[in-house]
Trainee: 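Sending over a structure as structure tokens; questions will come in a sec.
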Amino acid sequence: MDIKFVCAHAGRPATAVTRRDVARALLAVPSGVALVALPDLRRAMVAAGNPLSVAFWESAKATLSAIEAGVATVGDVQRWVESTGTEPILMTPSYFVWPEEDERGPVATEMFARLVAYLEDKVEAGEIDPDALAAGDQEARAAYEELQESWLSTPLSDGRVPGFAVSDELDEELFSAWDEEEEFALSELRRILAELPKQPELPMAELETAATRLRALLALPGYPSSVLRACAGFDERPLPDDDVELWLAVAAGIAGPIADLSEGADVLEEFADLDRELSEEDTALANLCAIQHADWLAGVAALVRMGPGVLASPERMARLIAESEDIDIDDQDDEDLHTTESLFASVVSLWGLLGIVDADDVLTPLGWWGLPKALERAWSGED
């Protein structure tokens, strides 16, 4: 750990090394090694004509000592690096969050580097005072945050807005990962169905009865019809005339909600009250959206293999998922099982309205036929 290491780590000569470069190099080695090397490194920087400042070296010693003593938090260390004056704030006051360094895509990497260069220019111009940041000056910190907020929301010469560009890239990555997970789950579902010794058959009489009941339910205001309409996307389009199409659209929507609840009945006071309890319909939709593809696959696969007459209560679903050999899953403790059970409480309740389970939460012939078809529909992107 010497000046050559710092220069190699930063990719700059000693005369151009910044406080941030030195801080990052010091954190790249064990804290004890960095502490021992600190005095010689400081002298070498002075000899190179780039002494930095007394405040920086004192803050470096204090931070490294705290790390070595095991009392420094991740936030303490991050704050210290940010106090160098050229490290972008990990999370801004408006809640923009930079991805971790090893998780940044090309756009985030580019924008992060652009912001570092921008901050370096501001330090050089005297518009950022790193010593004041190191001393914990609140006004200096606020100005530092505001400077970065402004940069993130100001279009570049090519028209891109840095904050939006990074967020869009993150969204694309999340959607891509979601699509891959969905595609894999769909292929596994089809494999499992193909291996069944007996394929489920459509119980037409049961479906017609369930569809008639469902049409009447969807015409009513409030929960649970509001959730079923949102799941199937029927707030934006009319109900299909075909009973099979109607039933499958709603059943698929439970596994993959198409839309959110209509905000027509919400008022500003409700959104402003962060302490208010979620309504039954908000809770139900949130639970549906929180269930992962793997859990749907494991639970439904187990039910389809066992056939009509199997218990499909929320507690049983949690157990089936935890014990499934269709998915890779860590050992489940009581808290994990309780969480899964809570999520599927909303599912089983809605299943009962479609005749997928009966009043005792037992899988019906209609549920045996329709559940795998509903999952396939939800994951294949069919309308």
Side-chain angles (χ1 to χ4, degrees), residues 174-203 206-207 210 228 231-233 244-258 285 287-314 316-330 332 336-337 339-341 343-357 361-383:
L174 288 174
F175 290 143
S176 177
W178 180 269
D179 289 343
E180 289 179 8
E181 185 179 333
E182 193 168 75
E183 183 178 349
F184 176 76
L186 179 59
S187 67
E188 285 297 289
L189 174 66
R190 287 171 172 167
R191 177 187 63 78
I192 292 167
L193 293 177
E195 294 174 353
L196 290 177
K198 179 182 179 181
Q199 296 297 316
E201 296 182 359
L202 169 60
E206 284 189 25
L207 184 134
L228 294 177
C231 286
V244 174
E245 174 66 18
L246 172 72
W247 192 92
L248 283 176
V250 177
I254 292 174
I258 291 177
L285 196 57
N287 286 344
L288 299 184
C289 293
I291 300 174
Q292 301 297 310
H293 292 91
D295 291 343
W296 281 114
L297 176 65
V300 171
L303 294 180
V304 171
R305 285 191 178 110
M306 289 183 281
V310 64
L311 180 64
S313 66
R316 181 60 172 153
M317 292 301 297
R319 287 289 177 185
L320 291 174
I321 292 167
E323 297 168 1
S324 174
E325 296 182 356
D326 294 308
I327 59 175
D328 294 326
I329 189 168
D330 297 329
Q332 298 277 290
D336 294 325
L337 288 171
T339 297
T340 305
E341 181 182 343
L343 296 178
F344 272 88
S346 296
V347 173
V348 175
S349 175
L350 296 176
W351 279 355
L353 301 174
L354 273 70
I356 293 173
V357 295
D361 292 340
V362 171
L363 184 68
T364 65
L366 178 59
W368 186 45
W369 168 83
L371 274 183
K373 292 187 178 297
L375 274 192
E376 186 171 18
R377 181 189 181 102
W379 293 345
S380 62
E382 296 179 16
D383 295 329

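The first residue of the sequence shown is numbered 1, and numbering continues consecutively from there.
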Trainee: Taking all non-hydrogen atoms of both residues, which atom of A232 and which atom of A249 are closest, and how far apart?
Mentor: CB-O, 3.7 Å
Trainee: I'd like to check L288 versus C231 (side-chain heavy atoms, cut-off strictly below 4.5 Å). Are they in contact?
Mentor: yes
Trainee: Give, for atom CG of L189 and atom NZ of K373, the distance between the pair rounded to the nearest 0.5 Å.
Mentor: 10.5 Å
Trainee: Any side-chain heavy-atom pair from W379 and F184 closer than 4.5 angstrom?
Mentor: no
Trainee: Backbone N or O of I356 within a donor-acceptor pair of the W351 side chain at under 3.5 Å?
Mentor: no
Trainee: For a 4.5 angstrom cut-off between non-hydrogen side-chain atoms, does M317 reach V347?
Mentor: no
Trainee: With a 3.5 Å distance limit and no angle check, can you tell me whether W369 reaches the backbone of P203 through a side-chain donor-acceptor pair?
Mentor: no
Trainee: Looking at every heavy atom in both A374 and A252, which two are closest together, and how far apart are they?
Mentor: O-CB, 3.3 Å
Trainee: How about E195: does its CD atom have over 12 heavy atoms from other parts shown lying under 6.0 Å from it?
Mentor: yes
Trainee: Could you tell me whether the side chain of S380 and the main chain of E376 form a donor-acceptor pair under 3.5 Å?
Mentor: yes
Trainee: Is the count of non-hydrogen atoms from other residues, nucleotides or ligands lying under 6.0 Å from Q199 atom CD greater than 12?
Mentor: yes
Trainee: Regarding N287 and S346, do their side chains bring together a donor and an acceptor under 3.5 Å, going by distance alone?
Mentor: yes
Trainee: For A294 and E181, which heavy atoms make the closest approach, and how far apart are they?
Mentor: N-OE2, 4.3 Å
Trainee: Closer than 4.0 angstrom, basic N to acidic O: yes or no for E245 and R377?
Mentor: yes
Trainee: Any heavy-atom pair between the side chains of R305 and D326 that's under 4.5 Å?
Mentor: yes
Trainee: Is there a side-chain contact between L311 and V357, using heavy atoms and a 4.5 Å cut-off?
Mentor: no
Trainee: Ignoring hydrogens, what is the shortest heavy-atom contact between D361 and P314? Give both atom names and the distance.
Mentor: OD2-CD, 4.0 Å
Trainee: Is any side-chain heavy atom of E341 less than 4.5 Å from a side-chain heavy atom of R316?
Mentor: no
Trainee: Quick one, L375 and L186 - any side-chain contact, counting heavy atoms below 4.5 Å?
Mentor: no
Trainee: What's the shortest heavy-atom distance between L303 and W368, and which atoms?
Mentor: O-CD1, 4.2 Å
Trainee: Are the side chains of L363 and M306 in contact, using a 4.5 Å heavy-atom criterion?
Mentor: no
Trainee: Output the distance between atom CD (Q292) and atom OG1 (T340), rounded to the nearest 0.5 Å.
Mentor: 10.0 Å
Trainee: Looking only at heavy atoms, what is the nearest atom pair of V300 and P372, with distance?
Mentor: CG1-N, 4.2 Å
